[in-house]
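Notes follow the structure.
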Amino acid sequence: MVGWMVGLSVVAVSLATSGTEAPSETPPPAPYCEGEYADSYAALSPKARAFEQATRKKYTYCVRSTAVYECLSYGAEGNVRRTRTPVSAHGTAFAYKQQAGETLLLTNEHVVEWPDVTSDAHPVDGVPSGCKRVKDALSIVESESDHYDRDDVPLSKAAVDPQLDLAVIKSKAPLTVMPWKVGRSAAVRERDVVDVRGFPLGVFNATNMGKVISAYDRDEYKEWYHDDFVIDALLSQGNSGSPVLAISCKTGEFELVGVYHAGYSRGSALNVVVGIDQARDLMNNLRRTPRRAMEDSTPLDALARARVAKRAEVSATPFFPFGSRTAAVFPRADGTLLFALYEQDFPRRVHPLLVLEDLPVPSADRGFGKVGRVWFGGERGLLERPRAEQDAELQQQLARLLDALRRDATLTFSYQDSLPGSDESRQTFDTSARLGKTLERTIVAHRELSDAVAELADRFAPDATEPATRTESVLKHPPPPGIHLGLTGEPAGQAPANAPPRDTGARQPAKRPQDQGARTPASR
């Protein structure tokens, strides 16, 4: 709490900073103030009310976020075509501090960020999947219909926190700064009145009023991981990034208690606000604060390796999800771990697409392990691709892949181990539920990586002219480097000679059922 009060003194901006005397008033009548914040607008001091009504230059701004995506395709003659698609979106930001000749503003991360590459997990309206972002920009505009760009105010990013869905952006131009100090979202209670200033639909500057209907709502939708509270103000797309103000019972003035960022798609006026207490470090020091979400992933150290190895050794099902596919880890007597990744139709077809060797390191302080040999597989079996045949890009890709497999195995086994005792107490139940949600996010995040492995297997799996190795031979007794075990008879997974041809249709990513009552960002 002491740290929060220090942060408040740094971030709080008074009207004296902007050249205007800060309004102050005697405490409002007690019937409206049983807590720290008022439950009626009657508690607002006349001076504060007059100031807000008289202010011509508002401290909230309409932010236009633009990007250009480049998409590749092939013409009739096989030539590569490059098409570029511009996109734009509008949200709200508010200025809260002037520092080093610049004005700092706070808004939502989803207002200012566009995905590097479009995909099913990161879609952009009007842009096909697989397109790359080649340009982006931020600016302050009058409204979404403002097409005169000579008076636009350019903005740049100062700090971004995807888990909080918050971003600090900055302007070299002086802007009107919010006169109200930063309050405490922890003190917000149900029925407290709130005031929201923003640009609904990006059309005009508007003020919406409402009440807090729930003082706490844990937000773990997709990449978000923070605490919200819920308000019933009638807000729209474009309001994302709007400041949410409450009325202090001590001064009768507004205080910043949160930032509106999303709403429940299946609800009416169920809008969620990021509590401002979590944003102090981002606002003061322009840096992200490590949060509990990171604790859900066990560090990849010698202890984590020992747990994975022990679990794989005693388990009859050492499998775990990896993107839209299934993976497994197999221990070897010399301490080596073998990670195998299978096709989407596993276990109908059981040949792995890839097998990666994870070698033990000599000392416990050197991490989980190191990359060893790699085999790519198809229906004929497996074929080792020595490191000398791998270019730098492939080696980096395999290193990232092995790291992701380690993390997913560790997380999955931790979640599975938590299930038997999850009903023993509230703490064990919450821990298990948190691990399960983290696992769901990880599965979605690694879909593209698992698809990339399938593409590598298409390139490097043994063809009819290359010697293939049985899957069982690699997983149980890997051959020495450079030695291939020839096939004697039909390898596991190979179709008989008179079998019908296999389906060669394009791979389709697994689809998730539609979330019921899912949150939706409010700006796009």
Side-chain angles (χ1 to χ4, degrees), residues 7-20 22 55-68 86-114 116 133-162 164-182 197-199 202 204-205 238-243 245 256 259-261 274 276 279-289 523-524:
L8 186 148
S9 65
V10 175
V11 179
V13 180
S14 68
L15 282 176
T17 305
S18 58
T20 307
T55 299
R56 294 183 179 180
K57 291 186 177 180
K58 302 296 185 181
Y59 46 85
T60 54
Y61 302 90
C62 182
V63 174
R64 175 176 291 162
S65 178
T66 61
V68 177
V87 292
S88 65
H90 296 81
T92 301
F94 62 96
Y96 69 91
K97 182 167 65 172
Q98 290 178 348
Q99 174 178 288
E102 297 177 323
T103 304
L104 300 183
L105 304 95
L106 190 64
T107 186
N108 287 143
E109 182 265 352
H110 74 259
V111 170
V112 303
E113 290 286 1
W114 298 89
D116 293 332
R133 175 169 53 84
V134 294
K135 184 180 179 181
D136 59 63
L138 292 169
S139 61
I140 293 176
V141 296
E142 292 292 329
S143 67
E144 63 149 6
S145 59
D146 179 7
H147 301 299
Y148 181 73
D149 58 5
R150 296 189 64 179
D151 61 351
D152 294 350
V153 179
L155 301 170
S156 59
K157 302 169 192 174
V160 177
D161 192 329
L164 276 181
D165 191 25
L166 292 179
V168 175
I169 53 181
K170 56 186 179 180
S171 163
K172 294 187 179 298
L175 301 173
T176 302
V177 173
M178 178 186 67
W180 313 116
K181 71 177 185 180
V182 177
R197 315 287 172 85
F199 285 80
F204 47 74
N205 197 333
N239 270 119
S240 276
S242 298
L245 308 172
L256 177 69
V259 181
Y260 168 64
H261 84 117
V274 182
I276 202 63
R280 297 182 187 278
D281 204 24
L282 186 72
M283 297 170 71
N284 291 343
N285 305 315
L286 304 183
R287 68 185 183 191
R288 297 175 57 182
T289 303
S523 71
R524 294 180 184 163

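The structure displayed is predicted, hence computed values, not measured ones.
A distance of 9.0 Å separates CG in Leu282 from CD1 in Ile276, rounded to the nearest 0.5 Å. Going from atom CG of Leu105 over to atom OG1 of Thr60 covers 10.5 Å, rounded to the nearest 0.5 Å. A distance of 4.5 Å separates CG of Asp136 from NZ of Lys157, quoted to the nearest 0.5 Å.
Nearest heavy-atom pair across Leu155 and Ser139 is CD1-C, 4.0 Å. Of all non-hydrogen atoms in Ala93 and Val63, the two that sit nearest each other are CB-CG2, 3.5 Å. Ala279 approaches Leu164 most closely through the heavy-atom pair CA-CD1, 4.3 Å.
At distances below 3.5 Å, not a single donor-acceptor pair connects side-chain atoms of Ser143 with backbone N or O atoms of Phe204. Panel note: side chain Ser65, backbone Val111; a donor-acceptor pair is recorded below 3.5 Å. Looking only at distances, no side-chain donor or acceptor of Asn239 sits under 3.5 Å from a matching main-chain atom of Ser242.
Thr107 meets the side-chain hydrogen bond (donor to acceptor under 3.5 Å, both in side chains) test with no other residue; sequence neighbours excluded. Partners of Ser156 according to the side-chain hydrogen bond (donor to acceptor under 3.5 Å, both in side chains) rule, which considers only residues two or more places apart in sequence or in another chain, do not exist here. With sequence neighbours excluded, the residues that form a side chain to side chain contact (heavy atoms under 4.5 Å, CB included) with Thr66 are Arg64, Ser88, Ala137. Not counting sequence neighbours, Asp146 has no partner by the salt bridge (charged side-chain N to carboxylate O under 4.0 Å, His left out) test. In this view, Lys135 satisfies the side-chain hydrogen bond (donor to acceptor under 3.5 Å, both in side chains) rule with no residue, not counting sequence neighbours. With sequence neighbours left out, the salt bridge (charged side-chain N to carboxylate O under 4.0 Å, His left out) criterion links Lys172 to Glu102. Residues passing the salt bridge (charged side-chain N to carboxylate O under 4.0 Å, His left out) test with Arg197, sequence neighbours excluded: Glu52, Asp195. For Asp152, there are no side-chain hydrogen bond (donor to acceptor under 3.5 Å, both in side chains) partners, not counting sequence neighbours. Under the rule for a side chain to side chain contact (heavy atoms under 4.5 Å, CB included), the partners of Thr103 that lie at least two apart in sequence or sit in another chain are Ala95, Gln98, Leu175, Val177. A search for salt bridge (charged side-chain N to carboxylate O under 4.0 Å, His left out) contacts involving Asp116 returns Arg133, not counting sequence neighbours.
Put simply, the side chain of Leu104 reaches to within 4.5 Å of the side chain of Leu286, judged on heavy atoms. A 4.5 Å side-chain heavy-atom check between His110 and Asp165 finds at least one atom pair inside the cut-off. Contact annotation: the side chain of Asp281 approaches that of Arg287 to within less than 4.5 Å [non-hydrogen atoms, C-beta and beyond]. The shortest side-chain heavy-atom distance between Val141 and His90 falls under the 4.5 Å cut-off. Side-chain atoms of Leu106 and Met283, non-hydrogen and from C-beta on, do get closer than 4.5 Å to each other. You'll find the side chain of Phe199 reaches within 4.5 Å of the side chain of Thr92, heavy atoms only.
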Tyr96 vs Val168, side-chain contact (heavy atoms from CB on, under 4.5 Å): CA-CA, chis, key distance, verdict: CA-CA 10 Å; Tyr96 69 91; Val168 175; 3.6 Å; yes
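The local environment of CD in Glu142 is sparse, with at most 12 non-hydrogen atoms from other residues, nucleotides or ligands closer than 6.0 Å.
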